[in-house]
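Below is one structure, written out as structure tokens, with a few remarks after it.
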Amino acid sequence: MQTLQHYVAAAQLTDRLTAADTSRAVRRVFHERRATPIQSVAAASGERLVLRRAVPHDGAALARLAELDGASRPAGEMLLAEVDEQIAAAVPLDGGRAIADPFRPTAELVELLRMRARLLAGGGVTAGRLQRLRPRLRHLRAAA
């Protein structure tokens, strides 16, 4: 019979291995491409790049960006890429269509935002561990 400590240790190990795999995958993507998005889009011209979540006062800027892109403004939470304090691209956290400034090279910014959104969607370590442990805990309660 396995103890609760065994299940917790196994869940922790799984979480750490998953985090290591994600980290390696992200590093591999940036190493495969000699020019990272930050270098090619912002750093080469000395511009400042900031990735952040959208806040309510970004609504007008996002509507303007969507109009420039010829798309409707996505609903829900969004991640933004600001280049020199101007929103250049935005990606919904739920994985919908990205909007971007058509007068800038933004393909790499959108790719970077999508990668960050996938990492954020993975949830916290605690939430994943709890979801994996629940069935095991039910099994232990039933056996007791």
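The hydrophobic cluster containing Leu93 does not contain Leu80, counting ILVMFWY residues as joined when their side-chain heavy atoms lie under 4.5 angstrom apart, directly or transitively. Residues Val50 and Ile87 do not share a hydrophobic cluster, defined by chaining ILVMFWY side chains whose heavy atoms lie under 4.5 Å apart.
Among residues two or more places apart in sequence or in another chain, the side chain to side chain contact (heavy atoms under 4.5 Å, CB included) test is passed with Ala98 by Val91, Val110, Arg114.
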Verdict with reasoning, Leu49 to Leu109, per side chain to side chain contact (heavy atoms under 4.5 Å, CB included): CA-CA 9 Å; Leu49 174 64; Leu109 284 176; 3.5 Å; yes
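Rounding to the nearest 0.5 Å gives a distance of 14.0 Å between CZ of Arg52 and CZ of Arg116. With rounding to the nearest 0.5 angstrom, the CG atom of Asp84 is 8.5 Å from the CZ atom of Arg48.
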Quick one: side chains of residues 59-79, donor-acceptor pairs under 3.5 Å with protein atoms, not counting sequence neighbours, listed by atom name and distance.
{"from": "Asp69", "atom 1": "OD2", "to": "Arg97", "atom 2": "NH1", "distance (Å)": "3.1"}
{"from": "Asp69", "atom 1": "OD2", "to": "Ala100", "atom 2": "N", "distance (Å)": "3.3"}
{"from": "Glu77", "atom 1": "OE1", "to": "Arg53", "atom 2": "NH1", "distance (Å)": "2.7"}

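When all heavy atoms of Ala88 and Thr106 are compared, the pair lying nearest together is O-CG2, 3.7 Å.
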